[in-house]
Amino acid sequence: MPAWSRLLRDVPDFPRPGIVFKDITPVLADGAAFADAVASLADAWRDVAPAAIAGIESRGFILGAALALALGCGFVPVRKPGKLPGRTLAQDYQLEYGHDRLEVQADALPAGTRVLVVDDVLATGGTLRAATALLRRQGADVIGAAVLVELSFLHGRARWDDPAPLRAALVV
Ligand code: AMP
């Protein structure tokens, strides 16, 4: 287990009864752990050299922006509805606890830009699949999906039927 992962915290019954929330905030609060976590994300993707990171609101922004700096590429936000100015594209999706919608700016990236999608946690996989579909509709070339933590008991990887690789820094 990487050292940073010891700071991950399980929060029972959040945000709803029955959900064990995997809280990354103690990792972010520790400078060395945050740097190590971002480095372990970056190490998995240096070979594919993305031109941009697409971070999913909101914890995907934190990790994605840091990862973009580590890999020397740009960052685009994939946001909850109504947050982005200008013309947007939207994608509905299912969550482990409910449903939601993601949006991206229609002109976020030039067509064919090699994009890596980033989020903190892979649960059922619906969020990453929706973000990937949305970015492809926007014209991006999605070359992979990265998460800090994969919750294997929710089998999100089994539902990832995509040619682009899905890589997790930690599988629990
Ligand atoms: P899913 O679409 O089911 O893979 O859910 C992933 C998204 O919901 C990510 O943006 C996570 O931040 C969040 N999420 C879902 N389940 C959890 C969990 N048990 N702990 C922390 N975040 C979660």
Apply side-chain contact (heavy atoms from CB on, under 4.5 Å) to the pair Ile143 and Val115, showing each step before the final yes or no.
-> CA-CA 6 Å; Ile143 50 95; Val115 173; 5.8 Å; no
Do Arg129's NZ or CZ and the ring of Trp160 fall within the cation-pi criteria of under 6.0 Å and 45°?
->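 No.
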Are the side chains of [Y] and [X] in contact, using a 4.5 Å heavy-atom criterion?
X: Leu71; Y: Ile53; answer: yes
X: Ile19; Y: Asp13; answer: no
X: Leu135; Y: Val117; answer: yes
X: Ile56; Y: Leu128; answer: yes
X: Val121; Y: Leu148; answer: no
X: Met1; Y: Arg6; answer: no
X: Val118; Y: Leu116; answer: yes
X: Leu134; Y: Leu89; answer: yes

Rounded distance [0.5 Å steps], [atom1] in [X] versus [atom2] in [Y]:
X: Thr124; Y: His155; atom1: OG1; atom2: NE2; value: 11.5 Å
X: Lys83; Y: Ser58; atom1: NZ; atom2: OG; value: 10.0 Å
X: Leu170; Y: Ser40; atom1: CG; atom2: OG; value: 8.5 Å
X: Leu28; Y: Phe34; atom1: CG; atom2: CZ; value: 5.0 Å
X: Asp30; Y: Leu7; atom1: CG; atom2: CG; value: 5.5 Å
X: Gln91; Y: Leu102; atom1: CD; atom2: CG; value: 8.0 Å

What are the two closest heavy atoms between [X] and [Y], and how far apart are they?
X: Gly74; Y: Ala68; answer: O-CB, 3.5 Å
X: Ala145; Y: Trp45; answer: O-CZ2, 3.2 Å
X: Ala108; Y: Gln138; answer: N-NE2, 3.5 Å
X: Gly112; Y: Asp141; answer: O-CB, 3.7 Å
X: Ala130; Y: Tyr93; answer: CB-CB, 3.3 Å
X: Gly60; Y: Phe75; answer: O-CE1, 4.1 Å

Strictly distance-based, threshold 3.5 Å: is any side-chain N or O of [X] a donor or acceptor partner for the main-chain N or O of [Y]?
X: Glu103; Y: Leu84; result: no
X: Arg167; Y: Ala44; result: yes
X: Glu150; Y: Ala168; result: no
X: Thr113; Y: Leu109; result: no
X: Asp23; Y: Arg9; result: no

Starting from the C-alpha separation in whole Å, work towards a yes-or-no answer on salt bridge (charged side-chain N to carboxylate O under 4.0 Å, His left out) for Arg87 and Asp107.
-> CA-CA 8 Å; Arg87 196 165 79 82; Asp107 61 355; over 6 Å; no
Stepwise side-chain contact (heavy atoms from CB on, under 4.5 Å) check, Leu69 with Leu67 = CA-CA 5 Å; Leu69 292 177; Leu67 182 59; over 6 Å; no
So with a 6.0 Å cut-off around CZ of Arg46, is the heavy-atom count from everything else above 12?
->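 Buried by this count: over 12 neighbours within 6.0 Å.
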Start with the C-alpha gap between Arg79 and Glu57, add the side-chain angles, then the distance that decides, and say whether salt bridge (charged side-chain N to carboxylate O under 4.0 Å, His left out) holds.
-> CA-CA 5 Å; Arg79 298 209 65 175; Glu57 186 169 1; 3.0 Å; yes
Would Val147 and Asp120 count as a side-chain contact (heavy atoms from CB on, under 4.5 Å) if you check the C-alpha gap in whole Å, the side-chain angles of each, and the deciding distance to 0.1 Å?
-> CA-CA 5 Å; Val147 294; Asp120 64 334; over 6 Å; no
Start with the C-alpha gap between Lys22 and Val172, add the side-chain angles, then the distance that decides, and say whether side-chain contact (heavy atoms from CB on, under 4.5 Å) holds.
-> CA-CA 10 Å; Lys22 193 63 76 175; Val172 296; 4.1 Å; yes
Examine Val48 and Val38 and state if one hydrophobic cluster contains both, with Ile, Leu, Val, Met, Phe, Trp and Tyr joined whenever side-chain heavy atoms are less than 4.5 Å apart.
-> yes
Derivation and outcome, salt bridge (charged side-chain N to carboxylate O under 4.0 Å, His left out), residues Asp162 and Arg136 | CA-CA 12 Å; Asp162 195 290; Arg136 289 198 175 120; 2.8 Å; yes
